[in-house]
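Whatever order the structure lists them in is the order used to number ligands and atoms, beginning at 1. Note: hydrogens, waters and symmetry copies are ignored here, and every other heavy atom, side chains too, is used.
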Amino acid sequence: MKCLVAIKQVIDPYFTIRVKPDKSGVETNNVKMAINPFDEIAIEEAVRLKEQGLVQEIIVVSIGSKQVQETLRQALARGADQAILIETEQELMPLNVAKCLRVVVEQQQPQLVIMGKQAIDNDCNQTGQMLAALLGWAQGTFISKLTLDSTLNTVTVVREVDTGLETLKLKLPAILTTDLRLNTPRYISLPNVMQAKRKPLLVQPIAELGVVLKDTLKILQVEAPQARMAGKKLANVQELVELIKQHVPVVSGF
Ligand code: AMP
């Protein structure tokens, strides 16, 4: 079985985000980049399936600038077999990303696509669902457990939903999106980093996919959140009660 993992390069979650002076977006020059954390979980799950002998080949794909090659190399070091970069300098929103991924899926013919539930930069949480709709495939979103059946015809997933845990059996091929509790990605060893340098990384210009990209939304302005007020240490509960009385309006009738 072939498994495709879609990964997005995002600003390293431990790096302090800076808004550009003209408020047109977030500063990405001289900023440390990393694999979107939910996508790291997706790679780890694919690697675990390969270790169990259920998956034979893992292909990672990303749509982005030349710089994304570094992130794809990290994914190869995590255990993927080959990488594809769909190169574009344009920042794409989920529907355009899903349309490009559809072409890659049609070219590569995987039975399973694993993606993150959301990218931590735009928090869209849309691409997996859109890709499933474009392909007409089954989808299991926000999964915290995955079991491939031995005949490789179905996959059983546990989803984290508001009311608790939902278990679904999906016919393959399917699109799965990862939640935080699915697994804990392993550390990458130096030999794996060295090995990753020799693994294949294909770069394909986005124009070759023949996808019509549409701009359906425009970012007007980006602003940093207001700085939080400094905290205050109180000596006892009485002080806390007084403070609440001062700051919380009293609702009459209660
Ligand atoms: P989003 O819908 O933007 O929150 O992204 C959800 C998931 O779609 C991510 O966790 C990735 O797995 C995938 N994805 C989003 N953008 C890209 C991209 N540019 N290239 C590859 N995969 C992407």
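- Taking every non-hydrogen atom of Ala119 and a distance limit under 4.0 Å, the qualifying atoms of ligand 1 come out as 1 (P), 3 (O), 4 (O), 5 (O), 6 (C).
- Checking only distances, Lys117 never comes within under 3.5 Å of ligand 1, N or O to N or O.
- Per-residue contacts place Cys124 under 4.0 angstrom from the following atoms of ligand 1 (heavy atoms of the residue considered): 1 (P), 2 (O), 3 (O), 4 (O).
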Show the numbers, then the answer: is there a salt bridge (charged side-chain N to carboxylate O under 4.0 Å, His left out) between Lys66 and Glu87? CA-CA 6 Å; Lys66 247 190 202 73; Glu87 198 179 318; 3.4 Å; yes

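- Residue Gly116 places at least one N or O, backbone or side chain, under 3.5 Å from an N or O of ligand 1.
- Side-chain contact of Thr154 with Asp149: a donor-acceptor pair under 3.5 Å is present, judged by distance alone.
- Here the heavy atom of the protein found nearest to atom 20 (N) of ligand 1 is Ile63 N, 3.0 Å.
- Under the 3.5 Å distance criterion, with hydrogens and angles disregarded, a donor-acceptor pair is assigned to the side chains of Glu223 and Gln221.
- Given atom 1 (P) of ligand 1, the protein heavy atom at minimum distance is Thr127 OG1, 3.4 Å.
- If you run side chain to side chain donor-acceptor pair (under 3.5 Å) between Thr141 and each of Arg159, Gln118, Glu160, only Arg159 comes through.
- Taking all heavy atoms of Asp39, Asp121, Ile114 into account, the minimum distance to atom 10 (O) of ligand 1 is reached by Asp39.
- Remark: ligand 1 and Ala6 share an N or O pair separated by less than 3.5 Å (distance only, no angle test).
- Atom 13 (C) of ligand 1 has as its closest protein heavy atom Met115 CE, 3.7 Å.
- Closest non-hydrogen pair, Met1 versus Leu172, comes out as CE-CD1, 3.5 Å.
- Distance from atom 22 (N) of ligand 1 to its nearest protein heavy atom, with residue and atom name: Ile7 O, 3.5 Å.
- Think of Phe142 as one node in a network of Ile, Leu, Val, Met, Phe, Trp and Tyr side chains linked at under 4.5 Å; it has no links at all.
- Apart from Met93 itself, the hydrophobic cluster it occupies contains Leu217, where clustering links Ile, Leu, Val, Met, Phe, Trp and Tyr at side-chain heavy-atom distances under 4.5 Å.
- Among the candidates Lys199, Lys2, Lys50, the single residue satisfying the side chain to side chain donor-acceptor pair (under 3.5 Å) test with Asp81 is Lys50.
- Among all protein heavy atoms, the one lying closest to atom 16 (N) of ligand 1 is Lys8 CD, 3.4 Å.
- Nearest protein heavy-atom neighbour of atom 23 (C) of ligand 1: Val97 CG1, 3.8 Å.
- For atom 4 (O) of ligand 1, the choice among Val104, Leu92, Asn125 with the nearest heavy atom turns out to be Asn125.
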Met33 vs Ile11, side chain to side chain contact (heavy atoms under 4.5 Å, CB included): CA-CA, chis, key distance, verdict: CA-CA 4 Å; Met33 305 302 280; Ile11 294 179; 4.0 Å; yes

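- For ligand 1, the polar-atom distance check finds an N/O of Asn36 within less than 3.5 Å of one of the ligand's N/O atoms.
- Under the 4.5 Å side-chain heavy-atom criterion for ILVMFWY residues, no single connected hydrophobic cluster contains both Val60 and Val97.
- Taking a 4.0 Å cut-off on heavy atoms, Ser62 registers as neighbouring ligand 1.
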